[in-house]
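We're numbering straight along the sequence, starting at 1. Please read these numbers as outputs of a predicted model, since none were measured by experiment.
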Amino acid sequence: MKIAVVGSGYVGLVAAACLSEMGNTVISVDKDEKKIAGLENGILPIYEPGLDVLIERNVREKRLSFTTDTAMAVRNSSIVFIAVGTPPDEDGSADLKHVLAVAGDIGRAMDGPRIVVNKSTVPVGTAELVSEEVKKFTDFRVDVVSNPEFLKEGAAIDDFMKPDRVVIGTDDQQVAETMEELYRPFVRTNNPIYIMSNRSAELTKYVANSLLATKISFMNEIANLCDVVGADVQDIRRGIGSDTRIGPHFIFPGVGFGGSCFPKDVKALRHTSDEYGYHLDILQAVTEVNIAQKKVMGRKITREFGEDLKGRTFGIWGLSFKPNTDDMREAPAIVIINELLERGASVKAYDPEATDYARTILGDRIEYSSTCYDAIEGADALVLVTEWTEFREPDFDRIGKLLRTRTIFDGRNIWNPSSLRKKGFVYYGIGRGDL
Ligand code: NAD
């Protein structure tokens, strides 16, 4: 099939690469000229494991190309994906200006009927708005499909190539069949393709992300309870996770959830429900707990070192909002580092991939180290924020020698408190009874 994917970010670029890998001819579009010029020269705008190999191969095989020219891409495709950002507006609702701008571009460019597939995360009713917007500029038939994306940054290629499920929102049988044909190669292990209404498809994405965020906020609250009652949340997690009704996944406490999706999608779903006069109060709590959780590490640090951190240095391990991505959007590291800086501390940080992105947010207010050990040399404490695999089994004897005081804040509970205490470290985790 001939496909255009408008938006070449974390979702659009992965979608374009994976669709071309299956043999489709794909044009990946972005309005960002620098991004497209880079991609044309083999420079990827994001870090995502495996994406470089996929792009290189499909460009070489001439199945994948890049452009800033949406009209050209639309004219050369029968299916046009929209994969642009839907950032939160001031009131928490999803801002649809990019999605509708692309819809207008598509309408203006159409020289025949098209299927327009909305992959951006959008509120209930957006398919109708996109359809109206396209039709302002063309009399050709347009079918708008809602096809939310469930990939996880850091495992995006695998998730796209082997999705747990594909959700297709359309009420047209022919369009449903075309979409099933497009996705059949991705579900060879018989994972389901669910055909439903546009509205149900749009809502499915928000419900999935909101439930995942709810699980995290719930466990973070339980972790805070563990701290005050002197229990270990790691034991609680194991104890509840083996109940098949609960399951072991996504119940790990930490320093709060970040990223471009959970925080904004929780707010947007709440906004939608408010608009319809039904109030999802639980989601207000999820957001508030998350904002508070990003401050838990700061509280533990001031408990150990006092409110005034002038003259102190902290070595931060991990900046991205989770491992295996360079994405810093809403990353807990930003909140933790800002608090340390406001209290007068100096910060040295190491992240395997997110340093460039971090510089755009934190600038030269912190020092960026090229190894994790450099980041803690002469520091008062090590603060682990993101659990990259390279941090799992570090050389604690070396860490002990590099640190000014043997103090560790483990924001992801990846280390063993009792063995670290035996080595003479002061250890703080999340919900391990150490408040
Ligand atoms: P992103 O910011 O990484 O990429 C969006 C791209 O769209 C940018 O490169 C931008 O320049 C481009 N763009 C914006 N307006 C344009 C226009 N008019 N014409 C052409 N290009 C345009 O965003 P993302 O993380 O890929 O997210 C895209 C959508 O997918 C969002 O709705 C998001 O909620 C959803 N989503 C994201 C993830 C994720 O993990 N990042 C997962 C599932 C769903």
**Asked** Which is it for Asp410 and Tyr427 under the side-chain hydrogen bond (donor to acceptor under 3.5 Å, both in side chains) test, yes or no, and what are the steps along the way?
**Response** CA-CA 7 Å; Asp410 174 5; Tyr427 173 91; 2.7 Å; yes
**Prompt:** Do Asn290 and Phe262 come close enough that some side-chain heavy atom pair is under 4.5 Å?
**Reply:**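 Of all side-chain heavy-atom pairs linking Phe262 with Asn290, none is under 4.5 Å.
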**Prompt:** Less than 4.5 Å apart, any side-chain heavy atom of Ile408 and any of Leu384?
**Reply:**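 Sidechains of Leu384 and Ile408: no contact.
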Electrostatic pair [X]-[Y], nearest N-O below 4.0 angstrom:
X: Asp327; Y: Arg329; result: yes
X: Arg432; Y: Asp434; result: no
X: Lys300; Y: Asp227; result: yes
X: Arg343; Y: Glu307; result: yes
X: Arg199; Y: Glu128; result: yes
X: Arg60; Y: Glu56; result: yes

Exam field: side chain [X] to backbone [Y], donor-acceptor pair closer than 3.5 Å:
X: Glu353; Y: Thr325; result: no
X: Thr405; Y: Asp380; result: yes
X: Asn147; Y: Val167; result: yes
X: Asn198; Y: Gly169; result: yes
X: Asp326; Y: Ala354; result: no
X: Lys119; Y: Gly12; result: no
X: Lys31; Y: Thr68; result: no
X: Glu48; Y: Tyr10; result: no
X: Asn118; Y: Thr126; result: no
X: Asn24; Y: Met1; result: yes

**Message:** If you apply the rule salt bridge (charged side-chain N to carboxylate O under 4.0 Å, His left out), what do you find for Lys401 with Asp397, and how did you get there?
**Reply:** CA-CA 6 Å; Lys401 287 192 192 110; Asp397 292 333; over 6 Å; no
**Prompt:** Quick one: side chain to side chain donor-acceptor pair (under 3.5 Å) pairs with a partner in residues 265-275, sequence neighbours left out?
**Reply:**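 Only Asp91-His271, Asn209-Asp265, Arg270-Gln284, Asp274-His279 qualify under side chain to side chain donor-acceptor pair (under 3.5 Å).
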Are a donor atom and an acceptor atom from the side chains of [X] and [Y] found within less than 3.5 Å of each other?
X: Asp351; Y: Trp317; result: no
X: Asn416; Y: Ser418; result: yes
X: Thr214; Y: Ser217; result: no
X: Asp374; Y: Ser369; result: no
X: Thr86; Y: Thr121; result: no
X: Asp356; Y: Tyr368; result: no

[X] atom [atom1], neighbour heavy-atom count above 12 within 6.0 Å:
X: Glu377; atom1: CD; answer: no
X: Asp364; atom1: CG; answer: no
X: Ile282; atom1: CD1; answer: no
X: Phe218; atom1: CZ; answer: no
X: Lys215; atom1: NZ; answer: yes

**Request:** Could you list the residues that satisfy salt bridge (charged side-chain N to carboxylate O under 4.0 Å, His left out) with Lys152, not counting sequence neighbours?
**Result:**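 Lys152: salt bridge (charged side-chain N to carboxylate O under 4.0 Å, His left out) contacts with Asp159.
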**Message:** Determine whether Lys322 and Glu153 satisfy the following criterion, salt bridge (charged side-chain N to carboxylate O under 4.0 Å, His left out), listing intermediate values before the conclusion.
**Reply:** CA-CA 9 Å; Lys322 65 174 180 178; Glu153 286 175 22; over 6 Å; no
**Passing option when Arg63 is tested against Leu19, Val26, Ile3, Asn58 for side-chain contact (heavy atoms from CB on, under 4.5 Å)** =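 With Arg63 as partner, side-chain contact (heavy atoms from CB on, under 4.5 Å) holds for just one option, Asn58.
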**Message:** Do Arg165 and Phe150 form a cation-pi contact, if we require the NZ or CZ to be under 6.0 Å from the six-membered ring centre and within 45 degrees of the ring's axis?
**Reply:**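 Cation-pi check for Arg165 and Phe150: passes.
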**Request:** Measure from NZ or CZ of Arg406 to the centre of the six-membered ring of Phe425 and say whether it is under 6.0 Å with the direction within 45° of the ring axis.
**Result:**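 Judged by the rule, Arg406 and Phe425 form a cation-pi pair.
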**Asked** Could you walk me through whether Arg237 and Asn413 pass the side-chain hydrogen bond (donor to acceptor under 3.5 Å, both in side chains) check?
**Response** CA-CA 12 Å; Arg237 180 176 61 75; Asn413 292 347; over 6 Å; no
**Request:** Could you walk me through whether Phe305 and Phe314 pass ring-ring contact (aromatic ring centres under 6.0 Å, His included), step by step?
**Result:** CA-CA 11 Å; Phe305 292 105; Phe314 293 88; 5.4 Å; yes
**Request:** Give the intermediate values and the outcome of salt bridge (charged side-chain N to carboxylate O under 4.0 Å, His left out) for residues Asp95 and Lys97.
**Result:** CA-CA 6 Å; Asp95 184 347; Lys97 68 171 180 280; 2.9 Å; yes
